[in-house]
J.: 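Got a structure for you, questions after.
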Amino acid sequence: MALPWHIPLEALPPFKEKERPIETSLLKHYCGLNIHENPCEELQTGLLCEIGINNKEPATIQRLIASGMTVARLNMRDLEPDACSQLLQSIRQAVYNYSAELEYVYPLALLVDVRGPEIITGELKGGPETTIELKEREMIRLTIDTSWRESGTVDCLFVGYDHLTDLQTGDIIFIDSLSTSKIKLIVSEVGDDSIECSIAVGGIVGAKMPVHISKVPHEISIKKANKSIESISYSDSLEQPFEHIEEQIAFAIASDIDGILVPNSQTPQDIRSVRDILSERGKHILVFACIETVLGLDNLDNLLAEADGLYVDRCVLSTDLPVEKIFIAQKNILAKCNYIGKPCIFKAVLNEQIPTLCVNDIANIVIDGADVLSLELHYDSPLKKLVPGYDAVKMAEHCVAAAAVICRHAERIIWRPKVYGITDLMQSSLEEPTKAIGVTAVELAMRSCAVVIICLTNSGRTAKILSHAKPSCPIIAVTRACHTARQLRFWRGVRAMHYFEAPKGAWPIEVDSRVHAALNYCKAKRLLRAGDAYVVVTGSRRGAGYCDTIRLLYASARETVPVE
């Protein structure tokens, strides 16, 4: 018999404590930081980049992947079906090319936005090309009277929102402007079919401008298309624009998308409506709630219970929440996500040049516990006209790589006792055995100074539980399901490996084969060296629900070690 990892425990050198023990307080921890230490070798935080018209070439996407991108976002709200399918084809081609270079499958998660019901103004009196200017300190009337739908003026605008008269005096309304900033209106009087507003911030308005209403529930009822989700095929969705959310979700299911962003989520019903459309065909797709309003923040606990994770863009949230309270919302949202073990995607500020001014923002998001950072890359930079030979693609690639380095530095200085999984979770009773196994594996890894945790999983649940316990070392999740490998990109610290070798007849041999493949992966990534401790979490038999075995092993210098 030959094991590819085992070293006799009695032959190990004496156990050594870590160079710097865990401090008892955060103050002492920060006092002991050494600025000359190198960052973590393995990035644990995910990086999300939006793929659009400006970076649709497979070679460009491949460069972003090589720089650290783990999640690709496709905004379906701004694209036609043909453009969406072309972008997806480019992304898959880039992943294939990059995987061929690495000689193993690189799991890149795909995330899409779906278009929710939008509130817009009506047409203007002079025609579709007409614009009007709303001046500060003047008054304007907003109405739901359909007679104004095509005859808006500087004094009165139609707004397609049935609950407009449910607003109260002092409520705030934002209207997108053709100028630099959004138009801000404050409700001063509410009538039967209209409201009077004072203009706090002026701007230029055209036809059918988006309207954002603060602190009032939006109407999330899904308009049913003529065809059910089961009858909408991939080819059908390419023949006409996405008119209904059912068609967008059908396209996502047919394209094997990993996650869906639900914009402006305010109540659990918003998430349930999307899950109802996903039905049985799309039940494996993750649903993320976008927190954009104060109502969404107020219902955060209920949204977290219903959704698979959260997405937060602080720039959008600041239109409804005072900007001086954004940092409070950031800490509250991330703490609640970490407490229940669900992923949170946070949009980070990223300068198009060397992100010197963005270091604090990115690092604080990582330290607060974000699982994935959403990076907004700019390809239409004014520097194109000022700097000869300016390469926007190269600059975007540099920004992603710089953000990855910042994240690795931030991950190194996290104070471990602060993390929920090291204190409260390990000292409390657990409601199910699988969580007890996961927490025990993390504690064993911490006490033995293990450099990696290897787990075998099919659905990804074991890896998610391990991520919830927040180990200081990476989690290598070995799975045969390609969509599981991609979806685990949303959980911090998890590095999924798609295992596709032929199944072995006996389960113990199958386990040994998967662990051997994981070890080869770790050695190739330089995560594991001879003599390093690592923890293996497996099941005693095939199938889900049998995660019941934890082993502490030490890596050998050779591929196999003969054992009598």
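As a basis for the values below, the full set of heavy atoms in this structure was taken, side chains included, without hydrogen atoms, waters or symmetry mates.
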J.: If we count only N and O atoms by modelled type, under 3.5 Å, do the side chains of Glu292 and Gln266 hold a donor and an acceptor together?
T.: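 No donor-acceptor contact under 3.5 Å links the two side chains.
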J.: Check whether any side-chain heavy atom of Leu48 lies under 4.5 Å from a side-chain heavy atom of Ile345, and answer yes or no.
T.: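 Answer yes - side chains close enough.
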J.: Checking Asp176 against His212: is there a side-chain donor and acceptor pair closer than 3.5 Å?
T.: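 Yes.
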J.: Does the distance from a Lys or Arg side-chain N to an Asp or Glu carboxylate O, for Glu123 and Arg149, drop under 4.0 Å?
T.: no
J.: Answer yes if the side chains of Thr45 and Glu411 hold a donor-acceptor pair under 3.5 Å, and no otherwise.
T.: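 Side chains of Thr45 and Glu411: pair found under 3.5 Å.
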J.: Tell me whether Asp371 is salt-bridged to Arg492, with the criterion being a basic N under 4.0 Å from an acidic carboxylate O.
T.: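 The answer is no: the pair does not qualify as a salt bridge.
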J.: Above 12 or not: heavy atoms from other molecules or residues under 6.0 Å from CD of Glu101?
T.: yes
J.: Is the count of non-hydrogen atoms from other residues, nucleotides or ligands lying under 6.0 Å from Lys336 atom NZ greater than 12?
T.: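 Buried by this count: over 12 neighbours within 6.0 Å.
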J.: Below 4.0 angstrom, N of the basic side chain to O of the carboxylate: do Glu397 and Lys394 qualify?
T.: no
J.: Are any of the side-chain nitrogens in Asp270 or Arg275 under 4.0 Å away from the carboxylate oxygens of its partner?
T.: no
J.: Give the ring-plane orientation class for Phe288 versus Phe490, where under 30° counts as parallel, over 60° as perpendicular and anything between as tilted.
T.: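 Because their plane-to-plane angle lies in the 30° to 60° range, the rings of Phe288 and Phe490 count as tilted.
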J.: Could you note down all residue pairs passing salt bridge (charged side-chain N to carboxylate O under 4.0 Å, His left out) where residues 87-98 supplies at least one of them, sequence neighbours left out?
T.: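 Matches after skipping sequence neighbours: none remain.
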J.: Output the distance between atom OG1 (Thr457) and atom CD1 (Ile476), rounded to the nearest 0.5 Å.
T.: 13.5 Å
J.: Could I get the full list of ring-ring contact (aromatic ring centres under 6.0 Å, His included) partners for Phe346, not counting sequence neighbours?
T.: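 Residues passing ring-ring contact (aromatic ring centres under 6.0 Å, His included) with Phe346: none at all.
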J.: Any ion pair linking Arg526 and Glu41 (charged N to carboxylate O, less than 4.0 Å)?
T.: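 Not counted as a salt bridge, because no side-chain N and carboxylate O are separated by less than 4.0 Å.
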J.: Are Phe251 and Glu246 close enough that some pair of their side-chain heavy atoms sits under 4.5 Å apart?
T.: no
J.: What's the shortest heavy-atom distance between Glu50 and Asn55, and which atoms?
T.: O-ND2, 3.1 Å
J.: Less than 4.5 Å apart, side chain to side chain, heavy atoms only: is that true for Asn302 and Thr267?
T.: no
J.: Checking Arg495 against Tyr104: charged group under 6.0 Å from the ring centre and within 45 degrees of the axis?
T.: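 Not satisfied by the 6.0 Å and 45° rule.
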J.: Is there a donor-acceptor contact under 3.5 Å linking the side chains of Arg73 and Tyr311?
T.: yes
